[in-house]
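First the structure, in the form of structure tokens, and then the observations on it.
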Amino acid sequence: MAENITSRAEDYSKWYTDIVLNAKLADYSPVKGCMIIRPNGYAIWEKMQAALDKMFKDTGHENAYFPIMIPESFMKKEAEHVEGFSPECAIVTIGGGKELEERLYLRPTSETIIWSTYAKWIMSYRDLPILINQWANIIRWEMRTRLFLRTTEFLWQEGHTAHSNAPEAEEEVSRMLNVYAEFAEKFIALPVIKGKKTESEKFAGAIYTVCIEAMMQDRKALQSGTSHYLGQNFAKAFDVTFLNQSGERELAYATSWGVSTRLIGALIMAHSDDNGLVLPPKLATVKAVIVPIWKSDEERNIVLEYCKKIEGYLKEKDINYKLDDRDQYKPGYKFSDWEMQGIPVRIEVGPKDIQKNAVVLFRRDTMKKEFGIPLEKTGEEVLKLLDDIQNNLFNKALEFRKEFTFFVNDYEEFKKKIEDPGGFLVSHWCESPECEEKVKEETKASIRCIPFDEELRGSDGKCIVCGKPAPGRVVFAKAY
RNA sequence: CGGGGUGUAGCGCAGCCCGGUUUAGCGCGCCUGCUUUGGGAGCAGGAGGUCGGAGGUUCGAAUCCUCUCACCCCGACCA
């Protein structure tokens, strides 16, 4: 058991923080609520960026960059938007030692600055669609912050598209939600539930919001990505009009969608254990670490020489690895060190293995060792393991979610279940804000989404709260 | 903003209640050397703090008083 990490059973919240700090993913900054993303953490983000960026490009999007400072007047143009975001904005009031004529908001999201720009770019239906994404940092002055899950400044990507008609825009909204779901499941090995947000949970300024929701190991929900249909709200606010084929002036239709470094938090909470971080191989920069074992200097030379062969087989398969030849640590120390950092596979090699012309493979997810792997098969066996780990993590997370997803029809049972064992409670809801609010107040569970999945949604029934007719089930859970 | 907690060496802490034998101590880490190395090594030597900040009480303050700052955890708000 790792000495520096609080167990999940003892204190889940502390466990999470311990993982982040001990795996060297992030550190606290001098400014409250901000975080320093360390190389280990940033490497995960770079992997996520690379995979997502490719998916965005494959769906026809281009990257651009808009400024971090937004004139106050822009922020105030869309009523719901201002109301939603104003309380959590940081505002620049002084520049060059002088009070500014107009205050500048540090972006909490970029709809306003982008749509004010689109007004200049969009004249004709021929200018549409515009499919732009940007990788950026965002400032939201949150009351309570947690490393990766909710920080004052965070990194994300935000897609902002403009379309000539509603169906096309709505198609974009669901296309990008699917991209997020695919990314979560394939790369983070995180099963997600796709669905629509309720009115009270939707994005400020949107017609509707769709999202992906995932279950963490403490059975709480984490919203992992959102895609918004903004209709003509922002086009109206920023006067973005175009002439359609019939020569009529029309307002453009908008979408926006984003995922953030919060996904790193999701990755941690979904897979890691009491020994430290567990990285899904597809998001691990270093896939394998070689730990050589020796007694004498003579042995050291022999083992390190043997390691070169191993390295050859890894390079052959294009596996990024690290050789831990540090002299000041014993093997045991190195084992736990790399386990803490979540490296998927460890290759152990000492005199005994060399005698057999073999290596020992260790997999991080199950903590199991396999002895006597023939040296020349190292590359292919590691590849196989990486694949297996990736699949295993996904399946484990999926089974866990199934185990703690309950179809509940009785409010008393609901109240009991949400406390113990917790999880996703799938129940009928009459769609009234009152019932939604009541559940929130009485149980602290919120409606995570109205699921698209038919098995979850089911058919009509009676609202779990008021008993009135309900069109289908929704997913309730306590959330981050 | 409400509740709780903490600021003493790079990290984790003790000392504070009952001011003075403390030149402020312990563990981890760090440096040097030797022995070690298949699950977080051992011994020896060494470097490193003025006790969050300001003011006050006192012959004397890490310790008592006042003010202040910061951070962490739990809630209300949120990706």
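In what follows, chains are A, B, ... by sequence order, proteins preceding strands, each numbered from 1.
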(request) Measure from CZ on A:R146 to P on B:rC74 and round the result to the nearest Å. (result) 6 Å

(message) What is the separation between atom CD on A:E339 and atom P on B:rG38, rounded to the nearest whole Å?
(response) 14 Å

(request) Measure from the side-chain heavy atoms of A:I293 and tell me the nearest of B:rA41, B:rG38, B:rA79. (result) B:rG38

(request) For A:S260, report the nucleic acid contact type (base, sugar-phosphate, nothing); a contact means any heavy atom under 4.0 Å. (result) base

(request) Choose from B:rA79, B:rG39, B:rA76 the nucleotide whose nearest atom is closest to any side-chain atom of A:K369. (result) B:rG39

(message) Can you tell whether the side chains of A:E381 and A:K384 come within less than 4.0 Å, N to carboxylate O?
(response) yes

(message) Ring of A:Y208, cation from A:K202 - is the NZ or CZ under 6.0 Å from the centre and inside 45° of the axis?
(response) no

(request) Map every base of RNA chain B to its dot-bracket character, where paired means a Watson-Crick or G-U wobble contact with both distances under 3.5 Å and | marks a partner outside the strand. (result) ((((((((.[[[[.)....(....]]]].((((((.....)))))).....[[[[[..)....]]]]])))))))....

(request) Under 4.0 Å from any atom of RNA chain B, heavy atoms only: list the residues of residues 345-367 of chain A that qualify, in numerical order. (result) A:R346, A:E348, A:G350, A:P351, A:K352, A:D353, A:V360, A:F362

(request) Please name the pair of heavy atoms, one in A:N357 and one in A:Y306, separated by the smallest distance, quoted to 0.1 Å. (result) C-OH, 3.1 Å

(message) How many whole angstroms separate atom CZ of A:R150 from atom C1' of B:rC78?
(response) 6 Å

(request) Report yes if the side chains of A:R8 and A:D273 come closer than 4.5 Å at any heavy-atom pair, otherwise no. (result) yes

(message) From C-beta outward on A:S13, which listed nucleotide comes closest to its side chain: B:rG39, B:rA79, B:rC74?
(response) B:rC74

(request) Report yes or no: do A:E46 and A:T285 form a side-chain donor-acceptor pair below 3.5 Å? (result) no

(request) Not counting sequence neighbours, which residues clear ring-ring contact (aromatic ring centres under 6.0 Å, His included) with A:W15? List them please. (result) A:Y12

(message) Between A:F56 and A:W257, is the ring centroid distance below 6.0 Å?
(response) yes

(message) Between B:rA61 and B:rC16, how many Å separate the two C1' atoms, rounded to a whole number?
(response) 10 Å

(request) Give a yes/no verdict on a cation-pi contact between A:K396 and A:F400, requiring under 6.0 Å between NZ or CZ and the six-membered ring centre and an angle within 45° of the axis. (result) no

(message) Please classify the nucleic acid contact of A:L149 as base, sugar-phosphate, or nothing, using heavy-atom distances under 4.0 Å.
(response) base

(request) Calculate the interatomic distance between A:D327 atom CG and B:rG33 atom P; express it in whole Å. (result) 12 Å

(request) Measure the CD-CD distance between A:E434 and A:E436 for me, rounded to the nearest 0.5 Å. (result) 9.5 Å

(request) Provide the distance between the two P atoms, one in B:rA62 and one in B:rG56, to the nearest whole Å. (result) 15 Å

(request) Could you work out the separation of B:rU66 and B:rA41 based on their P atoms and round it to a whole Å? (result) 48 Å

(request) Rounded to the nearest angstrom, tell me the gap between atom CG in A:D325 and atom C1' in B:rU37. (result) 14 Å

(message) Counting only side-chain heavy atoms from C-beta out, which of B:rG40, B:rA79, B:rG39 sits nearest to A:F335?
(response) B:rG39

(request) Find the distance A:R326:CZ to B:rG40:P and express it as a whole number of Å. (result) 15 Å

(request) Could you say whether the aromatic ring of A:F154 and the base of B:rA79 stack, counting only centre distances under 5.5 Å and plane angles under 30°? (result) yes

(message) Please enumerate all residues that pass side chain to side chain contact (heavy atoms under 4.5 Å, CB included) together with A:E419, with sequence neighbours excluded.
(response) A:K478

(message) Taking only the P atom of each, what is the distance from B:rC64 to B:rG49 in whole angstrom?
(response) 25 Å

(request) Answer whether the closest heavy-atom distance between the side chains of A:E339 and A:F362 falls below 4.5 Å. (result) yes

(message) Categorize A:T151 for me: base, sugar-phosphate, or nothing, with a 4.0 angstrom heavy-atom threshold over every strand shown.
(response) base

(message) In this structure, how many angstroms lie between the P atom of B:rG40 and the NZ atom of A:K334, rounded?
(response) 14 Å

(request) Between B:rG39 and B:rA44, how far apart are the P atoms? Round to whole Å, please. (result) 25 Å

(message) Suppose you measure atom C1' in B:rC26 against the same atom in B:rC65; what distance do you get, rounded to whole Å?
(response) 30 Å

(message) Taking ring-ring contact (aromatic ring centres under 6.0 Å, His included) as the definition, give me every residue that meets it alongside A:F335, ordered by chain and number, with sequence neighbours left out.
(response) none

(request) Between A:F203 and A:F371, just flag the one whose closest nucleotide in RNA chain B comes earlier from the 5' side. (result) A:F371

(request) May I ask you to check whether A:H81 and A:W115 place their ring centres under 6.0 Å from each other? (result) no

(request) Go along nucleotides 4-13 of chain B 5' to 3' and tag each nucleotide: B for a protein heavy atom under 4.0 Å from its base, S when only backbone or sugar atoms are that close, - otherwise. (result) ----------

(request) Find the distance A:W156:CH2 to B:rA79:C1' and express it as a whole number of Å. (result) 7 Å

(request) Using the P atom as the reference point in each nucleotide, state the distance between B:rG7 and B:rC17 in Å, no decimals. (result) 15 Å

(request) Check A:H228, A:H163, A:M176, A:R175 against A:T255 for a side-chain contact (heavy atoms from CB on, under 4.5 Å) and give me the one that passes. (result) A:H163

(request) Looking only at side-chain atoms of A:K330, point me to the closest of B:rA79, B:rG39, B:rG38. (result) B:rG38

(message) Can you check the distance between B:rG53 and B:rU8, where both ends of the measurement are the P atom (answer in whole Å)?
(response) 10 Å

(request) Hey, which sits more toward the 5' end of RNA chain B by its nearest nucleotide, A:D297 or A:E201? (result) A:D297

